[in-house]
Amino acid sequence: MSKEITPRSENYSQWYNDIVRKAELAENSAVRGCMVIKPYGYAIWEKIQAQLDKMFKETGHENAYFPLFIPKSFLSKEAAHVEGFAKECAVVTHYRLKNDPDGNGIVVDPDAKLEEELIVRPTSETIIWSTYKNWIQSYRDLPILCNQWANVVRWEMRTRLFLRTTEFLWQEGHTAHATEAEAVEETHKMIDVYAEFAKEWMAMPVIQGHKTENERFAGAIDTLCIEALMQDGKALQAGTSHFLGQNFAKAFDVKFTDKDGKLNYVWASSWGVSTRLMGALIMTHSDDKGFVLPPKLAPIHVVIVPIYKTPEQYETICAKANEIAKRLRVLNITVKVDDRDTQKPGWKFAEYEMKGVPVRLALGSRDIENGTVEVARRDTLTKETIEMESLEAYITNLLEEIQTNLYKKAIDFRNENTYTCDTWNEFQDILENKGGFVYAHWDGTAETEAAIKDKLKVTIRCIPFNNKQEDGVCILSGKPSKQRVLFAKAY
RNA sequence: CGGGGUAUAGCGCAGUUGGUAGCGUGCUACGUUCGGGACGUAGAGGUCGGGCGUUCGAGUCGCCCUACCCCGACCA
């Protein structure tokens, strides 16, 4: 492994790739556009999953699992939906291989053609609503509040580790309700869950809002999102929650009898976050020395590096290190004692910095004599020598402080890179030269939105919740506007 | 799918007018080291992406594939 990662100032994309690879989060696989998530990266995803799963269950949801394959005809039942996904679907056409009659290995058996092609799910609305049809007859069967953890495939032109891969891991919630109000409430409830998770666990500030019609999910009436600002000034959509109205209920003929004995279509929501959150995590906190992880999502909170010269010292110091580890583990702190004799301290220091371990303890003979330990924190790269007895309180407090500090740094960064613009020149200058979030007036038309996208590659990230209503004129068209919306270049 | 690249040791690369392949790093062993990615010595590791052609001779020249990367368009 080489010693350097590309600085952000030199090449941000390269820096991102270096972190993903050198922190051993993921790597490209033998399959085009698909990644291998390595153990350390997967451990972080598992922590993300565990917490979200808990939050879903606390809000009344249950996990279920639906098939990977979707009959082609299902996908086309909702017009906007098929329009949105048709161009990026992997299609299964055959179910058997055979030996090549010409002796060139193995070929698809032309006799094993499927009667109806199967689509590898790009999202599961259709297969789930075809199933819900069988589950729902009466208002007593509602609501249905299901989530599934799954992989999906979208055949993207260009991929980037975690941010956009052909296959990715995610969770998708799919709910069915008796009333519109209830489905809308669910849609909002879940975007709030995502926002809370982003803030409290990822230490990542997000803006919640509505997507414009252009940016809406294919098949949704309304799409809510959380948008985060990355260090290079680009926005990342980190999660979405859709109010689907009765679109899928109508497409799959899912009706129920209400209390008055009337037959009605069911109301729906769907919501999801993906392994893209890993990319968000990297680009929110990391620096030129490597990955920086908020303690709440760190697979290892504290690493202890013993420093020794002789075998006797090794014995003594490792014994002490294990004792410290034991004391900390009682407090639910994950501790790794790196007692490998095969790597040297300096190497280990660099390694754990690369991997973003929040706290590192160095323990040498000096410390054993003095009853101290050296504590280094990853977020600030500062070191302190502290008394051994007060370690528990100190570390507990430090982990909380790092979590808080990371959020503060991220929100300070976002504030410094959020602008309010009233002229096109200023708007253009900021978005082309600095990047960041820009609040500006928009006339509300899809044409203007598209024209701005065309000129600057800038999109409306969202119309924030509780947006201040104020009279103004559109940044591009000069037509009257009632509110500012959030613009940015996006991933 | 348009434009531009790249393909040589696990990884990153060099290879001159065509003459039989090298550097860094990593790996293995031993010794000295060990509080910020140590050093020395000795080793192992390559059908040069694939195919066809030119030539006495091809990593190098020509043609045809294939894969991947970057910039666009598309997108969580």
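Atoms considered below: every heavy atom in the structure, side chains included; atoms not considered: hydrogens, waters and symmetry mates. In the text below, chain A, chain B and the rest are named by the order of the sequence lines, each starting its count at 1.
- Every residue two or more places apart in sequence or in another chain was checked for a salt bridge (charged side-chain N to carboxylate O under 4.0 Å, His left out) with A/Glu83, and none qualifies.
- When the nucleotides B/G37, B/G36, B/C69 are ranked by their closest atom to the side chain of A/Asn28, B/C69 comes out on top.
- In this model, no donor atom of one side chain and acceptor atom of the other lie less than 3.5 Å apart for A/Glu374 and A/Thr385.
- Applying the side-chain contact (heavy atoms from CB on, under 4.5 Å) rule to A/Thr59 yields the partners A/His61, A/Lys189, A/Met190, A/Val193; only residues at least two apart in sequence or on another chain are considered.
- By the side-chain hydrogen bond (donor to acceptor under 3.5 Å, both in side chains) test, A/Lys234 is found to be paired with no residue, residues two or more places apart in sequence or in another chain being considered.
- With sequence neighbours excluded, the residues that form a side-chain contact (heavy atoms from CB on, under 4.5 Å) with A/Lys199 are A/Tyr407.
- With sequence neighbours excluded, the residues forming a ring pair (Phe, Tyr, Trp, His ring centres under 6.0 Å) with A/Phe487 are A/Phe427, listed by chain and number.
- As judged by a 4.0 angstrom heavy-atom cut-off over every strand, A/Thr165 is placed among the base-contacting residues.
- Salt-bridge annotation for A/Glu156 and A/Lys87: absent, with no side-chain N of the basic residue lying under 4.0 Å from a carboxylate O of the acidic one.
- Using a 4.0 Å heavy-atom distance criterion, A/Glu156 is classed as a base contact.
- You'll find a donor-acceptor pair under 3.5 Å spanning the side chain of A/Lys383 and the base of B/G36, going by distance alone.
- Relative to the side chain of A/Ala350, the nucleotides B/C69, B/G35, B/G36 differ in distance, and B/G36 lies closest.
- The ring-ring contact (aromatic ring centres under 6.0 Å, His included) contacts involving residues 336-385 of chain A comprise nothing, where partners must be two or more places apart or lie in separate chains.
- Within the nucleic acid shown, A/Arg154 comes within 4.0 Å of at least one base atom, counting heavy atoms only.
- Judged as a ring-ring contact (aromatic ring centres under 6.0 Å, His included), the pairs with a partner in residues 4-37 of chain A (not counting sequence neighbours) are, in order, A/Tyr12-A/Trp15.
- When heavy atoms are screened at a 4.0 angstrom cut-off, A/Leu163 is found touching base atoms of the nucleic acid.
- The side-chain contact (heavy atoms from CB on, under 4.5 Å) check on A/Glu353 picks up A/Lys289, A/Arg360, A/Arg378, A/Leu381, with sequence neighbours excluded.
- Across residues 333-345 of chain A, A/Lys344, A/Pro345 each have a non-hydrogen atom less than 4.0 Å from an atom of RNA chain B (numbered order).
- Side chain of A/His242 to backbone of A/Gly272: no donor-acceptor contact under 3.5 angstrom is found.
- Taking only side-chain atoms of A/Glu374, from C-beta outward, the nucleotide of B/G37, B/G36, B/G35 with the closest atom is B/G35.
- Contacts between residues 447-462 of chain A and RNA chain B, defined by a heavy-atom separation below 4.0 Å, involve A/Lys453, A/Lys457, listed by number.
- Residue contacts shown for A/Arg160 are absent, as no nucleic acid heavy atom lies under 4.0 Å away.
- Of the residues in residues 297-308 of chain A, those placing a heavy atom less than 4.0 Å from an atom of RNA chain B are A/Ile307, A/Tyr308, in numerical order.
- The residue A/Ser365 sits close to a base: some heavy atom pair falls under 4.0 Å.
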- prompt: Based on Watson-Crick and G-U pairs with both distances under 3.5 Å, what dot-bracket line describes RNA chain B 5' to 3', crossing pairs as [ ] and inter-strand pairs as |?
  reply: (((((((..((((.....[..)))).((((((.....)))))).....(((((..]....))))))))))))....
